[in-house]
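Basis for what follows: all heavy atoms, side chains included, without hydrogens, waters or symmetry-related copies. Quick caveat, the model's predicted, so the values are computed rather than measured.
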Amino acid sequence: MPVRGRIYLATVIAVGAIAVVWAALDMAGDAQAETAVLVLSLVSIAIEHSTPAMRRYGNTNIGVQMTLPISIAAGLIAGPGGAAIVGLVSGLVNMPVSWVKRSFNAANFVLSALAAGFVLLATGADTRVMSGDFDIVVLVDIVLAGSAYVLVNAILIVGVLWAVEVVPPRAVVFGAMLRTAPSHVAYGFLGLMIAVLWPSLGALAAVLVVLPLVVARWAFSQFAREQEAYEATIRTLVQAVETKDHYTRGHSERVAKASVMIARVLAIREDRVTALRYAGILHDVGKLGVPTTILQKTTGLSDDEFASIQKHPLHGMEMLRDIEFLDEAIKGIRHHHERLDGLGYPEGLRGDEIPEFARVIAVADAFDSMTSTRSYRGARTSEDAVLEIERCRGTQFDAVMVDALVQALRKEPWVPTTVEPREGESELPASLDHDDPTVDVVAGRERDR
C-alpha cells in the first residue's frame with residue numbers, strides 16, 4: 001500500500017474514532033436515545049445478516065445499502081450522536097472484509113451519519129418530527145440530510161480509491177456515484193417513515209419500513225449471482241483457448257489488466273471499465289475457431305494459414321454476439337487488430353473509425369506480448385516494449401492510448417512473464433506472434449497485413 005494510502009486510512013479511522021467517543025458522551029444518560037440506538041443497531045445487524053449486502057460483479061460491488069435510512073431514522077430519534085453510533089455498528093457488520101477495510105467502512109459510516117445528523121439538528125427536523133408538529137418542509141430537510149450523508153461518503157470513498165488504488169477521482173465520480181446518488185438520497189425518506197411511526201410502533205416501525213428494502217437486496221443479490229455465472233462462462237471460454245493455444249496462457253488476464261490500467265488514466269466510467277476488462281479477457285476467444293494444427297505449427301505459415309489466423313476476431317464476435325452485457329466489449333474484440341493507418345484487420349478501419357476499446361486493447365495486447373518470454377526470444381523489459389510501441393505511435397497505435405499506458409506504468413510496475421512449453425507441447429514460431437509489432441519483420445512478412 002502506498003504511503004499516502006496508509007496516512008489517509010489512518011487519518012480517516014482516527015477521526016472516526018474521535019467522532020464515536022463524542023457520540024457516546026453526547027448520548028450518555030439519555031435513556032430514550034440509548035434505547036432507540038440499541039434497537040436500530042440490532043435491526044441493522046439483522047438486515048445485514050439476512051441477505052448479502054453486495055455481490056461481486058466484475059471489478060465492482062453491486063447491492064442495496066440500508067445504512068443511510070437507518071442513520072436518518074437514528075438522527076431524527078436520537079440526534080447526531082445516535083446516528084453516528086448506528087453508523088459504527090453498520091460499518092463493523094457490513095461485509096466480511098479485512099480489519100483495515102472494516103475499520104475504514106465504520107469510520108466512513110460514522111462520519112457520513114454524523115453529517116446527516118447535524119443537518120437534521122440544524123434544520124430542527126428532529127424536534128418537529130418527534131413532536132408530530134411538522135409539514136412538507138421536512139421533506140426538504142430529509143433531502144438535505146441525505147445529500148450530506150452521500151456527499152461525505154463519496155468524498156471519503158473517492159479519497160481512499162485515489163490514495164490506495166490510484167483510481168482517478170473523475171472516474172469514480174462520473175462512474176457509479178453520479179448514477180446511484182439520487183436513489184441513495186431518496187432512501188432517506190424511509191428513515192423519515194421509521195421516525196414518524198416510532199412513537200406508536202417502536203422497533204416494529206423499523207421492521208415494517210425496511211422490509212421492502214430487504215426484498216430489494218435479495219433481488220439485487222440474485223441479479224449479481226447471474227453476473228457471477230457470466231463470469232464463470234467467460235473463465236471457461238478463456239481456459240479453452242489457453243488449453244488449445246499454450247502461449248496465450250495468462251495472456252488474456254494480463255491484457256485485461258493492462259487495458260484497465262489504461263482506462264484508469266483515461267478516467268473511463270467504471271461500468272465501461274468492467275466491459276473493457278471483459279473485452280481484454282476475451283479478445284482472443286476467437287482462436288477456438290482456428291484449427292489447432294495452425295495454432296501449434298512450428299514452422300512458418302502459408303498465406304491461407306495466416307488468413308485463417310486473421311479471422312479470429314470475427315470468430316470471437318460470432319461466439320459472443322448474443323451475450324447482451326458484452327455489447328461494447330464485442331466491438332473491442334472484433335477490431336483489436338485494426339491499425340490507425342488502415343493496414344490492420346479484419347476490416348482495415350482507420351483512425352477514429354476504430355472503436356475506443358479496440359484501440360486500448362491493441363496497445364495492451366502488444367505490450368504484454370513483448371514483455372512475455374517466447375520460444376524464439378526472451379521477454380523485453382517494460383522500457384524496451386514501450387519504446388517499440390512509441391515507435392508505432394500514430395501509425396499502428398492510438399497516441400492517446402500509448403501515452404496513457406506510459407503514464408500508468410509510471411505508477412504501477414509491470415513484471416515480464418515467462419511462457420515455456422510444457423512437455424509434449426510444440427514451440428511457437430515467430431510468425432504466429434502477430435501481437436508483437438516487430439514480429440512480421442522477423443517472419444519475413446509485411447507488418448500485420
Side-chain angles (χ1 to χ4, degrees), residues 166 168 247-248 250-268 273 276-277 279-281 283-284 309-310 312-313 332-345 348-374 376-419 428 430-443 445-449:
V166 201
Y247 282 94
T248 62
H251 171 66
S252 298
E253 287 286 354
R254 294 192 301 273
V255 170
K257 177 184 176 181
S259 297
V260 170
M261 289 168 61
I262 294 172
R264 297 293 188 207
V265 173
L266 298 176
I268 291 177
V273 171
L276 177 59
R277 186 177 69 88
I281 292 174
H283 75 284
D284 274 342
I309 285 284
Q310 289 180 313
H312 80 269
I333 292 167
R334 175 171 180 161
H335 297 292
H336 73 276
H337 279 295
E338 303 284 3
R339 294 170 47 117
L340 259 65
D341 56 14
L343 298 180
Y345 62 87
L349 300 183
R350 291 176 176 272
D352 290 340
E353 294 176 345
I354 305 171
E356 183 180 28
F357 278 15
R359 285 178 275 142
V360 172
I361 294 171
V363 173
D365 200 8
F367 179 74
D368 179 67
S369 176
M370 288 187 287
T371 54
S372 299
T373 298
R374 299 300 168 91
Y376 56 89
R377 61 156 172 79
R380 304 188 196 189
T381 64
S382 296
E383 293 76 12
D384 288 343
V386 166
L387 287 175
E388 177 61 25
I389 289 176
E390 288 182 327
R391 185 181 68 81
C392 301
R393 185 178 186 269
T395 54
Q396 181 170 349
F397 304 119
D398 187 320
V400 173
M401 307 310 171
V402 172
D403 292 344
L405 175 65
V406 173
Q407 187 175 338
L409 291 172
R410 292 195 189 108
K411 301 176 181 178
E412 185 174 350
W414 188 270
V415 179
T417 304
T418 299
V419 184
L428 178 72
S431 57
L432 273 181
D433 195 2
H434 50 127
D435 296 327
D436 187 330
T438 63
V439 159
D440 289 321
V441 176
V442 174
R445 294 181 176 276
E446 186 174 354
R447 183 179 291 114
D448 272 318
R449 281 192 173 182

Is Arg391 salt-bridged to Glu388, cutoff N-O under 4.0 Å?
yes
If you round to the nearest 0.5 Å, how far is OG of Ser259 from CZ of Arg277?
11.0 Å
Minimal heavy-atom distance between Ser252 and Ile281, with the atoms involved, is CB-O, 3.1 Å
Would you indicate whether the side-chain heavy atoms of Thr371 and Arg254 approach each other to under 4.5 Å?
no
Minimum heavy-atom separation for Pro313 to Arg334, with atom names?
CB-O, 3.2 Å
Going by salt bridge (Lys or Arg N to Asp or Glu O under 4.0 Å), Arg393 matches just one of Asp341, Asp403, Asp398. Which one?
Asp403
Check for a donor-acceptor pair, side chain of Glu338 on one end and backbone N or O of Ile354 on the other, with a separation under 3.5 Å.
no
So Tyr345 and His337, would you call those rings parallel, tilted or perpendicular, with 30° and 60° as cut-offs?
parallel
Any side-chain heavy atom of Phe367 within less than 4.5 Å of one from Val255?
no
Rounded distance (nearest 0.5 Å) linking atom CZ of Arg350 with atom CG of Leu343:
6.5 Å
Can you confirm whether Arg264 sits close enough to Gln407 that some side-chain heavy atom of one is under 4.5 Å from a side-chain heavy atom of the other?
no
Going by heavy atoms in the side chains, are Met261 and Leu409 under 4.5 Å from each other?
yes
Can you find a heavy atom in the side chain of Asp352 that is under 4.5 Å from one in the side chain of Arg359?
yes
How long is the straight-line distance from NE2 of His251 back to CG of Asp284, given to the nearest 0.5 Å?
5.0 Å
Can you tell me how far apart NE2 (His335) and CG (Leu349) are? Round to the nearest 0.5 Å.
5.0 Å
What closest approach, in Å, do Val273 and Ile268 show between heavy atoms, and which atom pair accounts for it?
CG2-O, 3.5 Å
Are Asp368 and Trp414 side-chain neighbours, meaning at least one heavy-atom pair lies under 4.5 Å?
yes
Rounded distance (nearest 0.5 Å) linking atom CE of Met401 with atom CG of Leu266:
5.5 Å
After noting the C-alpha distance and the side-chain angles of Lys257 and Glu412, does the key distance pass the salt bridge (charged side-chain N to carboxylate O under 4.0 Å, His left out) rule?
CA-CA 11 Å; Lys257 177 184 176 181; Glu412 185 174 350; 3.7 Å; yes
Where Val402 and Phe397 come nearest, the two heavy atoms and their spacing
CG2-CB, 3.7 Å
Distance (rounded to the nearest 0.5 Å) between Leu276 CG and Ile361 CD1:
5.5 Å
